[in-house]
Amino acid sequence: KPTNDEVEEIKENINWPDPSERTGAIASIHLRRGDVGTFRCAHKQSYRSCTLLEEQLTRLRIMSQEYNVTHVYLMTEEPKEVHLARQLAPEYEWMSLSEHIDAEIRMPRNTSDQISMDIGMEDWLLEISSEPKFDGKMIQKHVVSLLAEIQLFARAELHIIEPLSCTSMLLWLYSYGQKGYIPPHMPSIYMAKKSSSFDKFKDNSRNPMPNDWYTLLQMCYGG
């Protein structure tokens, strides 16, 4: 089956509301888990940031004041975060592919051992891919699901991205390419060179980039 057909089939799991059926905007939130951290960042990698759901909800509510958000697509590997989102923010209608498709690649990790937690998904996959019994279908399912996630995330009118996440940069770029304009987003993709910290609540996307700053794109892809 062609990859595009598989992606479209996966996307059908989400009942995306038609503009005529809603009174407000749709936002998408990226909340990375997987190899970065477990539910509510209880166990996380020491060298990568793990954002709590509450932090993303704060950004969502700030943007909702201007854009009247009624529906939210939550991109995450952890379905428990979706259930928590409905409890913490019942004013929104929540959607997430993680509730329908289980395509997470589960690494054998010991949460009590930080060295084990710090092993990245890419490094682990590279190691096991050389084994004779390696089954590439595990990666294929994950990749096809990720392609569907990217398209669903970008379909929203505004985005809450993950600070310091190259996946979030990819999501933002795809949305930019599909829309033809810079989509409203938070936090800003601009980050200070010296501190590498985001301006958490100000959207700088419409302003010229300061000379002493660089973008998340440059961080991820060596610009």
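Any value given below was found using the heavy atoms of this structure, including those in side chains, with hydrogens, waters and symmetry copies removed.
- With sequence neighbours left out, E93 forms a salt bridge (charged side-chain N to carboxylate O under 4.0 Å, His left out) with no residue at all.
- Partners of H71 under the side-chain hydrogen bond (donor to acceptor under 3.5 Å, both in side chains) rule, at least two apart in sequence or in another chain, do not exist in this structure.
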Handout entry: Full working for side-chain contact (heavy atoms from CB on, under 4.5 Å) between T58 and E55
Key = CA-CA 5 Å; T58 296; E55 296 177 64; 5.7 Å; no

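- For the side-chain hydrogen bond (donor to acceptor under 3.5 Å, both in side chains) test, residues two or more places apart in sequence or in another chain that qualify with S175 are H159, K179.
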Problem - From CA spacing to verdict: side-chain contact (heavy atoms from CB on, under 4.5 Å), I160, H185 - result: CA-CA 6 Å; I160 313 296; H185 61 282; over 6 Å; no

Acceptor/donor pairs from residues 143-151 side chains to any protein atom, 3.5 angstrom cut, sequence neighbours excluded:
unit_1 : atom_1 : unit_2 : atom_2 : d
E149   : OE1    : Y73    : OH     : 2.4
Q151   : OE1    : K11    : NZ     : 2.7

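- Listed by chain and number, the residues in a salt bridge (charged side-chain N to carboxylate O under 4.0 Å, His left out) with K141 amount to none (sequence neighbours excluded).
- Formation of a donor-acceptor pair under 3.5 Å by the E99 side chain with backbone atoms of K80 is not found in this model.
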Exercise for the section: Starting from the C-alpha separation in whole Å, work towards a yes-or-no answer on side-chain contact (heavy atoms from CB on, under 4.5 Å) for T23 and T70. Expected result: CA-CA 7 Å; T23 58; T70 56; 3.9 Å; yes

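- In this view, N15 satisfies the side chain to side chain contact (heavy atoms under 4.5 Å, CB included) rule with no residue, not counting sequence neighbours.
- For E157, the salt bridge (charged side-chain N to carboxylate O under 4.0 Å, His left out) partners at least two apart in sequence or on another chain are R22.
- The salt bridge (charged side-chain N to carboxylate O under 4.0 Å, His left out) search around E12 returns none, not counting sequence neighbours.
- Residues meeting the side chain to side chain contact (heavy atoms under 4.5 Å, CB included) test with S98, sequence neighbours left out: T76, P79, V82, S96.
- With sequence neighbours left out, E91 forms a side-chain hydrogen bond (donor to acceptor under 3.5 Å, both in side chains) with R61.
- Qualifying ring-ring contact (aromatic ring centres under 6.0 Å, His included) partners for Y176, counting only residues two or more places apart in sequence or in other chains: W172.
- A search for side-chain hydrogen bond (donor to acceptor under 3.5 Å, both in side chains) contacts involving S130 returns nothing, not counting sequence neighbours.
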